[in-house]
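Data block below; observations after.
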Amino acid sequence: MPSTEITHIPTLSVVVPVFNDEQYLGQNLKSILANAGSVDIEIIVVDDGSTDRSSEVAEKVLVESDVNFKIIRKPNGGLSSARNVGFRAAEGIYVAFLDSDDFVSGTMYRSLTDFASKTGSVQVFARTKTFNNNDNTCQDFYDISYWDELLQGQSRRSFRPLESPLVFLTQPKICTRIWLREYLIRHKFEFPEGKVFEDICFHLRALALNGKVGIVDEVGLYYREDHTGRITGNIGPERYDVLDNACKFLNLQEISAVDRLHGGYLLAGLLKTVFWCRIGLPSNMKKEFDKRVARLFPMINPKWILEAYGVDHKVINRLLKVVSIYGTPPDRLRGILLWVGVRLKRMAPEKLLD
């Protein structure tokens with residue numbers, strides 16, 4: 001007779017990619033375990049070809065706990081690759097991704113899974129603070145004002161992104177949230193392997209699909225900003241990756257179908273991250289970066305640009321300035337028309353934008 005044994009399904013799978021992070025991994029895993037008393041958690045550590053004792057540290061911490069865990073060792077393939085491997089191994093109803101040098105509060109995962117279950121949200125996220133390891137101080141993230149407006153005076157709220165498009169401007173930190181695993185599978189989500197600055201398009205695509213979102217007014221993630229090995233601290237050619245990711249994102253059929261209003265918010269959120277990646281580059285790399293930004297211009301719905309000016313005029317002015325210098329002659333003309341349109345705060349003639 002076939003077996004009738006029911007496989008145990010945990011509430012939450014937490015995927016922890018690690019590469020040479022033995023210094024911080026213990027604190028990371030213990031912060032997850034602090035949640036395990038109130039949430040049925042499985043922990044999946046993906047050792048992405050570490051040459052230090054990361055795997056040994058993980059095993060030492062986890063074998064002393066009562067939590068189900070997996071330690072997967074693989075050749076180095078980068079953060080996105082490690083996240084994808086961990087996601088495929090996950091069995092939970094919900095899934096979370098936590099970078100190995102960050103840590104979470106002891107109540108974050110309980111708060112997020114409870115609210116997701118209660119509201120039917122496909123993703124729920126908490127606030128983030130940056131953490132400075134040198135002096136043990138914390139700072140609010142830049143999106144604190146967006147959070148305050150989105151919460152509308154409530155301690156937690158659930159909504160569709162297209163009902164509250166300001167959510168497109170929140171920081172695209174994947175590690176501050178949980179996801180309904182079936183939702184990510186159904187829409188074939190994965191991180192772009194071989195690329196960094198991978199969070200932004202994952203974040204914006206999930207919002208553009210308009211699945212219900214939950215936000216909880218609780219600091220959940222502590223993002224270690226002073227880690228010398230942090231990917232976002234690199235100021236080399238890998239910063240061009242954000243533009244490759246943006247190109248693929250803008251070419252998705254579901255993204256091109258987004259309407260003018262929500263496209264404006266989506267574009268403002270995307271460009272905010274794009275131009276942040278430009279900061280700190282040497283002059284010769286900034287020029288090449290701007291040339292690549294100009295190549296994105298033909299992929300952007302001009303109505304989004306007109307709408308986005310009212311959302312964040314600084315990033316739109318910067319985009320149009322780059323296009324005026326490095327765009328093709330037809331793109332420069334279209335850029336001038338759009339610049340006139342946004343400066344006059346009125347729609348430029350539609351036929352001139354076609």
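Just the heavy atoms: all of them, side chains too, but no hydrogens, waters or symmetry mates, feed the values below. Numbers here simply count residues along the sequence, with the first being 1.
The closest side-chain heavy-atom distance from Trp339 to Asn317 is below 4.5 Å. Proximity of Val95 to Ile178: side-chain heavy atoms (C-beta onward) are nowhere separated by under 4.5 Å. Residues Leu319 and Ile300 have side chains in contact (heavy-atom distance under 4.5 Å, counting atoms from C-beta outward). Taking the side chain as every heavy atom from C-beta outward, Thr11 and Ile41 never approach each other to under 4.5 Å. Side-chain atoms of Leu207 and Val213, non-hydrogen and from C-beta on, do get closer than 4.5 Å to each other. Proximity of Leu320 to Ile316: side-chain heavy atoms (C-beta onward) are separated by under 4.5 Å at one or more points. Between Tyr142 and Gln171, some side-chain heavy-atom pair lies under the 4.5 Å cut-off.
Across all non-hydrogen atoms, the minimal contact from Cys277 to Phe197 is SG-CD2, 3.6 Å. Scanning both residues, Ala126 and Glu218, for their nearest heavy atoms gives CB-O, 3.2 Å. The two residues Asn35 and Met108 make their nearest non-hydrogen contact at OD1-N, 3.2 Å. When all heavy atoms are compared, the tightest approach of Arg239 to Val242 is O-CG1, 3.3 Å. Between Phe115 and Gly214, the closest heavy-atom pair is CE2-CA, 3.8 Å. Val258 and Trp304 get closest at one heavy-atom pair: O-NE1, 3.2 Å.
Salt-bridge formation is not detected for the pair Arg156/Asp217: no Lys NZ or Arg NE/NH1/NH2 atom is positioned less than 4.0 Å from an Asp or Glu carboxylate oxygen. The pair Arg295-Asp331 does not count as a salt bridge, with every side-chain nitrogen at least 4.0 angstrom from each carboxylate oxygen. Asp290 and Lys286 are not joined by a salt bridge, as no carboxylate oxygen comes within less than 4.0 angstrom of a charged side-chain nitrogen. With salt bridges taken as basic N to acidic carboxylate O contacts below 4.0 Å, none links Glu64 and Lys60. Salt bridge Arg292/Glu288: present, at least one basic N to carboxylate O contact under 4.0 Å. A salt bridge links Asp99 with Arg83: the distance from a Lys NZ or Arg NE/NH1/NH2 to an Asp or Glu carboxylate oxygen falls below 4.0 Å.
Using a distance-only test at 3.5 Å, with no hydrogens or angles considered, no donor-acceptor pair links the side chain of Ser100 to the main chain of Val18. Of the possible donor and acceptor atoms, none in the side chain of Asp143 sits under 3.5 Å from a partner among the backbone N and O of Tyr146. For the pair Thr170 (side chain) and Val167 (backbone), a donor-acceptor distance under 3.5 Å is present. Asp199 places no side-chain N or O within 3.5 Å of a backbone atom of Lys173 that could act as its donor or acceptor partner. In this structure a side-chain-to-backbone donor-acceptor pair under 3.5 Å is missing from Arg127 to Gly220. Judged by distance alone, the side chain of Asp102 and the main-chain N or O of Leu221 form no donor-acceptor pair under 3.5 Å.
Side-chain contact of Ser13 with Glu91: a donor-acceptor pair under 3.5 Å is absent, judged by distance alone. For the residue pair Ser81 / Lys74, a side-chain donor-acceptor distance below 3.5 Å is found, with atom types taken as modelled. Side chains of His187 and Arg205: no donor on one and acceptor on the other come within 3.5 Å.
Linking ILVMFWY side-chain heavy atoms closer than 4.5 Å, directly or via other members, places Leu112 and Ile215 in two distinct hydrophobic clusters. Criterion: ILVMFWY side-chain heavy atoms under 4.5 Å apart, direct or through other members. Under it, Leu209 and Leu267 are not part of a common hydrophobic cluster. Residues Ile174 and Tyr24 fall into different hydrophobic clusters, defined by Ile, Leu, Val, Met, Phe, Trp and Tyr side chains chained together at heavy-atom separations under 4.5 Å. Neither Tyr223 nor Val216 shares a network with the other; the hydrophobic side chains, linked directly or stepwise wherever heavy atoms of I, L, V, M, F, W or Y lie under 4.5 Å apart, form separate groups for each. Hydrophobic clustering places Val45 together with Val14 (ILVMFWY residues linked when any side-chain heavy atoms are closer than 4.5 Å, directly or through intermediates).
With values rounded to the nearest 0.5 angstrom, Glu59 atom CD is found 13.0 Å from Ser54 atom OG. Here the CG atom belonging to Asp312 is positioned 9.5 Å from the CZ atom belonging to Arg318, to the nearest 0.5 angstrom. Taken to the nearest 0.5 Å, the CZ atom of Phe103 stands 6.0 Å off from the CZ atom of Arg224. The distance from atom CZ of Arg157 to atom OG of Ser121, rounded to the nearest 0.5 Å, is 11.0 Å. Atoms CZ and CZ, on Arg332 and Phe297 in that order, are 12.0 Å from each other to the nearest 0.5 Å. Rounding to the nearest 0.5 angstrom, the gap separating the CH2 atom in Trp147 from the CG atom in Asp140 is 11.5 Å.
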Name every donor-acceptor pair, under 3.5 Å, that has one atom in a side chain of residues 189-196 and the other anywhere in the protein, sequence neighbours excluded.
from	atom 1	to	atom 2	distance (Å)
Glu193	OE2	Asn84	ND2	3.0
Lys195	NZ	Asp244	OD2	2.9

Practice task
Go through the steps for Leu29 and Phe69 under the test side chain to side chain contact (heavy atoms under 4.5 Å, CB included), then give the verdict.
Solution key: CA-CA 11 Å; Leu29 295 174; Phe69 68 90; over 6 Å; no

Problem - Candidate pair Leu33 and Val61, rule side chain to side chain contact (heavy atoms under 4.5 Å, CB included), full reasoning - result: CA-CA 9 Å; Leu33 292 173; Val61 172; 3.8 Å; yes

Exercise for the section: Just do the side chain to side chain contact (heavy atoms under 4.5 Å, CB included) check on Leu296 and Cys247 with the steps written out, would you? Expected result: CA-CA 6 Å; Leu296 295 178; Cys247 177; 3.9 Å; yes

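The side chain to side chain contact (heavy atoms under 4.5 Å, CB included) test with Glu149 is passed by exactly one of Leu169, Leu166, Ile144: Leu166.
Classified by interplanar angle (parallel below 30°, tilted 30° to 60°, perpendicular above 60°), the ring pair Phe202/Phe97 is perpendicular.
Applying the salt bridge (Lys or Arg N to Asp or Glu O under 4.0 Å) rule to pairs touching residues 24-43 yields Glu42-Lys70, sequence neighbours excluded.
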